[in-house]
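These notes concern the structure reproduced below.
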Amino acid sequence: MKAAVIGGTGEMGFGLAARLAYAGVEVVIGSRRTEKAVEAAEKIKNIIKNGNVSGKTNQESVKGCDFVFFSVPYEGMTEIAQSVAASIERDVVVVSCIVPFVETKSSAAEELASLLQAGENIVSALHTISASLLSDLHQPINSDTFLFGDNKAAKKQLAKLLTKIEGLRPVDGGPLKNSRYGESFTRFLVGVNKRYGVSSAGLRVTGLEDSAVYRRWED
Ligand SMILES: NC(=O)c1ccc[n+]([C@@H]2O[C@H](COP(=O)([O-])OP(=O)(O)OC[C@H]3O[C@@H](n4cnc5c(N)ncnc54)[C@H](OP(=O)(O)O)[C@@H]3O)[C@@H](O)[C@H]2O)c1
């Protein structure tokens, strides 16, 4: 299993890349600059000695990957998407972690799907999982994340990948158009973090047994 993390040099992407590498996934960090990507990859390899991590340009990073995570600010999304669209292979699961902090007509994930012409292979997830929690490999995540997408098979593939991260529970959030709720709830959660002086307030859906959550992702 191989995953590219575009924006893996930043806060969220770095934590996600580290978690995936820690779980035994081959990770390629993507950046607009090769040196920056290589530096981030080396930093992870210093923490996870047997981690299979490399750093490449965004365009190179996506080649041969099963998953491509987009972890860039909304403001940079269009430029980055246009620069990698031609390099993303068919059947790759594209994951949007992007949260816009400005008013938008639709969700960032729907915009990304249109920019990439990724068809139904796009899933929106991880919005409410904080970068600081992801980066602290000693802490289990102990949080749910909604997976929004129109293709159940793509959501299932992503759910299986995310289940490798300790304590992260992937909950089916319905179609991609629901991503707007996840993205806007995250903006609200950032306010909760500020009010309580913490950095990792998360989301846990009550009344949902683990058995039901994981059964949904079984083959
Ligand atoms: N931080 C969190 O806790 C968190 C949690 C959940 C979701 N998110 C979402 O995840 C995404 C990334 O968040 P972040 O905090 O990791 O962001 P960030 O650190 O500001 O940026 C991530 C990476 O994106 C690239 N980038 C930055 N500005 C850009 C621009 N204007 N145009 C193109 N590329 C740009 C940079 O990579 P290169 O210079 O290497 O190309 C940067 O290292 C955001 O959409 C955010 O809303 C964040």
Side-chain angles (χ1 to χ4, degrees), residues 3-20 27-44 53-62 67-85 87 94-104 106-113 115-116 122-136 139 141 143-148 158 162 165 168 170 173 179-194 196-203:
V5 183
I6 294 180
T9 54
E11 289 187 33
M12 166 79 182
F14 182 84
L16 175 63
R19 284 282 176 172
L20 291 172
V27 177
V28 189
I29 290 186
S31 168
R32 288 167 294 179
R33 286 196 299 121
T34 309
E35 322 82 83
K36 202 174 162 188
V38 170
E39 194 183 316
E42 289 303 317
K43 209 167 144 191
I44 292 178
V53 192
S54 57
K56 296 183 177 170
T57 61
N58 288 328
Q59 291 83 352
E60 283 295 317
S61 72
V62 303
F67 298 89
V68 175
F69 289 86
F70 277 78
S71 180
V72 297
Y74 176 73
E75 290 69 23
M77 179 181 78
T78 302
E79 176 202 322
I80 299 292
Q82 286 170 344
S83 72
V84 299
S87 308
V94 172
V95 188
S96 173
C97 309
I98 299 168
V99 179
F101 283 87
V102 290
E103 286 304 317
T104 53
S106 63
S107 65
E110 287 168 288
E111 277 186 51
L112 183 64
L115 285 163
L116 294 174
I122 182 156
V123 185
S124 184
L126 297 168
H127 314 97
T128 53
I129 309 296
S130 79
S132 60
L133 185 56
L134 282 168
S135 302
D136 186 357
Q139 294 284 342
I141 300 286
S143 196
D144 289 346
T145 183
F146 282 118
L147 271 50
F148 306 102
L158 179 63
L162 296 182
I165 297 176
L168 179 59
S179 184
R180 71 189 68 191
Y181 304 121
E183 294 172 21
S184 55
F185 182 76
T186 306
R187 297 198 288 270
F188 167 75
L189 207 53
V190 168
V192 172
N193 270 327
K194 282 185 187 151
Y196 284 88
V198 296
S199 61
S200 54
L203 170 76

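Keep in mind that this is a model prediction, so the values were computed, not measured. The figures here come from the full heavy-atom set of this structure, side chains too, leaving out hydrogens, waters and symmetry mates. Atoms within each ligand, like the ligands themselves, are counted from 1 in listed order.
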**OP:** Using atom types as modelled and distance alone, determine if a side-chain donor or acceptor of Ser107 lies under 3.5 Å from a backbone N or O of Glu110.
**Re:** yes

Original post:
Would a distance-only check, ignoring hydrogens and angles, find a side-chain to backbone donor-acceptor pair under 3.5 Å from Asn58 to Ile80?
Top reply: no

Original post:
Using a distance-only test with no angle check, is there a side-chain donor-acceptor pair under 3.5 angstrom linking Ser130 and Ser200?
Top reply: no

Subject >> Test salt bridge (charged side-chain N to carboxylate O under 4.0 Å, His left out) applied to Arg33 - qualifying residues, sequence neighbours left out >> reply: Glu35

**OP:** Could you list the residues that satisfy salt bridge (charged side-chain N to carboxylate O under 4.0 Å, His left out) with Arg32, not counting sequence neighbours?
**Re:**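 Per chain and number, Arg32 pairs via salt bridge (charged side-chain N to carboxylate O under 4.0 Å, His left out) with no residue.
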
Subject >> ring-ring contact (aromatic ring centres under 6.0 Å, His included) partners for Phe185, two or more places apart >> reply: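 Partners of Phe185 under the ring-ring contact (aromatic ring centres under 6.0 Å, His included) test: Phe188.
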
Original post:
Measuring from each atom of ligand 1, which residues have a heavy atom under 4.0 Å away?
Top reply: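 For ligand 1, the contacting residues are Gly7, Thr9, Gly10, Glu11, Met12, Ser31, Arg32, Lys36, Ser71, Val72, Pro73, Gly76, Ile80, Cys97, Ile98, Val99, Phe101, Leu126, His127, Ile129, Ser130, Ala131.
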
